[in-house]
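These notes concern the structure reproduced below.
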2 protein chains.
Amino acid sequence: MSKLETAQKIEQAFERTGVRRTPQRFFVLERLLTKPDHATVEELWAALNRRHARASRATVYNTLHALVQAGLVREFTLDGKAARYDANLERHHHFVCDSCGAVEDVNWFDVPQLEGNESEKRSIRSYEVTLRGKCAKCHSNN
Amino acid sequence: MSKLETAQKIEQAFERTGVRRTPQRFFVLERLLTKPDHATVEELWAALNRRHARASRATVYNTLHALVQAGLVREFTLDGKAARYDANLERHHHFVCDSCGAVEDVNWFDVPQLEGNESEKRSIRSYEVTLRGKCAKCHSNN
DNA sequence: CTGCTAACTTAGACATAGTTCTAATTTAAG
DNA sequence: CTTAAATTAGAACTATGTCTAAGTTAGCAG
């Protein structure tokens, strides 16, 4: 997607959901859309400051809450660390690199055994596979 | 498994791994073995105090670290909260109840698609499925 | 275009949960 | 009995997230 297209997509998303457009919010959503690395608040704040020097952490938190509220971004956590944010709204799984900690999306696939097998008296609303190993980058670097 | 059998199993585990036997450690491991609810430190500490009133939190941390070190217990986290501990060393998946937060073990099953499909340039060391929904108890209570 | 105002942003203090540390005391096990 | 190792209470630390009060701005009404 070109930069222009992304910008239009963001504008539309803001308009559609009634989220007020500010430079900070635009930047955060743009960053999440174009670099799907599941950034933490800390990372987003650092990135934001490279452009809009003097952004407040609170703004990043507020922005992310607004985006989550609006359904434009999903929040999740991994291994007890800080919350991570994902603008990929498609169903997907996650891969976590043991060496560098990178989190990558993995295309969705069903886990068919689930239905018959394990759902005795519970009802399953959703599930997700978390894969762990060594990412492509860490492989070539060693 | 009877209480006696469990006790013997614990004794043997301590002896085999060279973990010194203390009442606190015995209690913690016993609790993890007999009640596989993936307790947190806080929960274990509360349980311990019901018996050995005046146990220190630090002891629970020390104990768990020793048990993890010895390979008798596994540590994991879920949803960015406190670490949870599991004496079930078999491979298994987890189910998390949306309503009450309970964490239950789910018997292991393979996810066959993984091999061919997604492991392009990364290597996958392990994976786990996390299921979410409503547990049996919460179902009957509502 | 201009001015208005509710909403947003800012800096930094504050809050909190989880965990680790410390120094004195007690204990397991040879 | 001895002593290295474990336990204790509570202080201290760390990371993450929330709050506050003052200043700024988006977006609309006129």
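Below, chain A is the first sequence line, B the second, and so on; all start at residue 1.
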[Y] ring centre to [X] NZ or CZ under 6.0 Å, with the angle to the axis within 45°?
X	Y	answer
Arg91(A)	Tyr127(A)	yes
Arg25(A)	Phe14(A)	no
Arg51(B)	Phe27(B)	no

Rounded to whole angstrom units, what separation is found between the [atom1] atom of [X] and the [atom2] atom of [N]?
X	N	atom1	atom2	answer
Trp45(A)	dG12(C)	CH2	C1'	12 Å
Asp79(B)	dA17(C)	CG	C1'	16 Å
Phe14(A)	dG27(D)	CZ	C1'	15 Å
Phe26(B)	dT7(D)	CZ	P	14 Å
Gln69(B)	dA6(D)	CD	C1'	16 Å
Glu43(A)	dT16(D)	CD	C1'	14 Å
Glu42(B)	dG18(C)	CD	C1'	9 Å
Glu75(B)	dT20(C)	CD	C1'	14 Å

Is the distance from OP1 or OP2 of [N] to the nearest side-chain N or O of [X] less than 4.0 Å?
X	N	result
Arg57(B)	dA9(D)	no
Tyr61(A)	dT18(D)	no
Gln24(B)	dT8(D)	yes

First encountered from the 5' end of DNA chain C, between Ala82(B) and Arg20(B) = Ala82(B)
query = Does the dA11(C) base have a donor-acceptor partner in the side chain of Ser56(A) within less than 3.5 Å?
reply = yes
key: Position toward the 5' end of DNA chain D (nearest nucleotide), Arg21(A) or Ala58(A)   = Ala58(A)
Side chain of [X], heavy atoms from C-beta onward: which of [options] has the nearest atom to it?
X	options	result
Thr63(B)	dT7(D), dT19(C), dT10(C)	dT7(D)
Asn62(B)	dA11(C), dT18(D), dT8(D)	dT8(D)
Thr22(B)	dA11(C), dT9(C), dA28(C)	dA28(C)
His65(A)	dT18(D), dA29(C), dT7(D)	dT18(D)
Val41(A)	dG17(D), dT9(C), dC21(C)	dG17(D)

ask   = Say you draw a straight line from OG1 of Thr59(A) to CZ of Arg54(A); how long is it, rounded to the nearest 0.5 Å?
value = 12.0 Å
query = Heavy atoms under 4.0 Å, any strand shown: does Ala55(A) hit a base, just sugar-phosphate, or nothing?
reply = sugar-phosphate
key: Salt-bridge contact Arg31(B)-Asp37(B) (side-chain N to carboxylate O under 4.0 Å)   = yes
